[in-house]
Amino acid sequence: MDGRPYFISVEEARTICNTTPVQPNAEHLPLDRCIGRVLAEDLTSKVDDPPFDNSAMDGFACKFDSEATYPLSLNIVGLQAATGENEALTLRDGEAVHIMTGAPMPPGADAILPIERCEVAGQYVRLLEPPKPHFVRKKGENLEQGAVALSKGQHLTPSRVGLCATMGYDTLPVYTRLNIGIVSTGDELKPPGQPLNHGEIYESNSFGLAGLVEWAGHTPVRFPSVADSMDALRQTLDEAAKTCDIILTSGGVSMGEFDYVRRLMEEEGDVHFWRMKIRPGSPPLFGLWKETPLFGLPGNPVSSHVVFRMLVAPYLRHSLSTDAPKEWKVRARLCDPVKSTNDCITLRRVTLVSTDEGMMAHQPRHQGSGNIESLASADGLTLLQPGQSGEVGTWVDVLVL
Ligand code: AMP
Ligand code: MG
C-alpha cells in the first residue's frame, strides 16, 4: 500500500474522501422539475405571505366588540369570495360580511365567526358567540417579503417546492444531478433474465446501487458488468471516467486472486485508502481514476449497500453541502444478541417494532453479507460502536434504512 492509509475508521475514511469532493454545477429549472434537487442559492421571498389580511374560515366577518352580548344579530351587507371582488366594501357597526376562506378582510372588519356558529335568516345573521380575531390571517404573518426562507444546500421536498411557488418563484437555481457510473465486476455475474450455468449468479449490485444513487438525488449510469480482467476493467473505467462525475465499482477489492479493481487502482490509479473498520463491508477503497473519484465497493450485496450508506452518501452530501437525504437514527433496544468487535462499527440488519417501552430491534435473519434478503426485510442497521456491548437489552443507535 506504499504508506497509504489502511484499515481506517469510518470517520477517517470520510475525511479522506472529502478532500477530493466533486464540484456540482448549478442550473435553473422550472419549478415543477425541482422536486428532490438541492438549492444552489439562498432564496428570499418576493412577496409577503399571506399578501393581505384574509379569513381563515368560511363564516362572517365583523368588528370585534367587547361590550356586545350574544347571540347578536348583524345586517349582512355583502359576500366576500376568495377572489376578493368586493374589496371596496367597508364595514360599519351592526354589519357583517359573509366571507369565504382566504378572502380578503373587508376594511373595518377584524374578527371572524365560523359559519357553524352562525344562524342566517334573510338579511340578518345571528352570531351565537363572539367573533374571533385569531381567525384573521394577517399579512406577512408566515413570511415577510425579503426574508430568506430557504438556504443554499436545502433539499427541495414537496412542501419546500410549494413554499417556493408561494414566494413567487417559477424557476429555481439548483445543483445539477451528478452522473454516477456503476461498474460491477466478476466472471460469475449474469444479467437477470438469462439462464444460469453452474457457478454463475445473477448480477444484483448494480440495480441496488442504482437505486441508492437515485435515492441520493443523482443519476445512475449502469455499465454492463465487467469480467475479471485488467484490460476489460481498464477500458470500462476509462469510459466511465469520461462520462461520469463519480465511479462506483462493486467486487474485486478484497484479497482474492482475481480482485482486479484493487490491483488496477494500485498499479495505474491513485488509491487514497483501502479498507475501513466496519462490519460488514470492510474492504472498500477510495481513490482517483484519471481524476475521477472512484469508490471500490465490496462485491457482497449487503456490503456494497452498507458501504454506500456509510461512505458514498456522506460524500455526496458533503460535495453538495447538503444534509439530504436525511439519515435518521433511532435509539432501539436489542432483543437478540449482536456480536460486536473491538475495532469495527457493527452494522447488523434489524427489524424495528415500536412499543410502549420504546423501539425494539430484532434480528430475525442470518447475517451473512451475501444475504440480500436479510437486508430487503430489515428496517435498520445497528450502529454498534467498537467495543460496545451487543447483549440483549442494550440500547443502541440504529440507522433507519
Ligand atoms: P468479490 O469481492 O468480487 O470477491 O465478491 C464477493 C462476493 O460478492 C462473491 O460471492 C461475488 O459473487 C459476489 N458479487 C460480486 N459482485 C456482485 C454483483 N454485482 N451482484 C451480486 N453479487 C456479487
Ligand atoms: Mg469478484
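In each ligand, atom 1 is the first atom listed, and ligand 1 is the first ligand listed.
Between the side chains of E203 and S225, no donor-acceptor pair of N or O atoms lies under 3.5 Å. For the residue pair D58/T101, the side-chain donor-acceptor check at 3.5 Å is satisfied.
Close to ligand 1: S204, with a non-hydrogen atom less than 4.0 angstrom away. Remark: distances from the non-hydrogen atoms of F258 to ligand 1 are all 4.0 Å or more.
Short contacts between ligand 1 and S184, defined as distances under 4.0 Å to a heavy atom of the residue, involve ligand atoms 19 (N).
Within the set G252, S250, P192, the minimum heavy-atom distance to atom 2 (O) of ligand 1 is found for G252. Of the listed residues (N300, V302, I372), the one carrying the non-hydrogen atom nearest atom 10 (O) of ligand 1 is N300.
Looking at R137 and E141, no side-chain N of the basic residue comes within less than 4.0 Å of a carboxylate O on the acidic one, giving no salt bridge. Comment: R4 engages D270 in a salt bridge, judged by a side-chain N to carboxylate O separation of less than 4.0 angstrom. Using a cutoff of 4.0 Å between basic side-chain nitrogens and carboxylate oxygens, R14 and E11 are scored as salt-bridged. E357 and R333 are not joined by a salt bridge, as no carboxylate oxygen comes within less than 4.0 angstrom of a charged side-chain nitrogen.
Residue, atom and distance of the protein heavy atom nearest to atom 19 (N) of ligand 1 are E203 OE2, 2.9 Å. What sits closest to atom 17 (C) of ligand 1 on the protein, heavy atoms only, is N205 ND2, 3.3 Å. Scanning all protein heavy atoms for the shortest distance to atom 9 (C) of ligand 1 gives E188 OE2, 4.1 Å. Nearest non-hydrogen protein atom to atom 14 (N) of ligand 1 is G299 O, 3.2 Å. The shortest contact between atom 4 (O) of ligand 1 and any protein heavy atom is with D259 OD1, 3.9 Å.
Between L43 and L172, the closest side-chain pair of non-hydrogen atoms falls below 4.5 Å.
At a 3.5 angstrom cut-off on N or O pairs, I201 does not count as close to ligand 1.
Note: Y6 and W274 have tilted aromatic rings, judged against thresholds of 30 and 60 degrees for the angle between ring planes.
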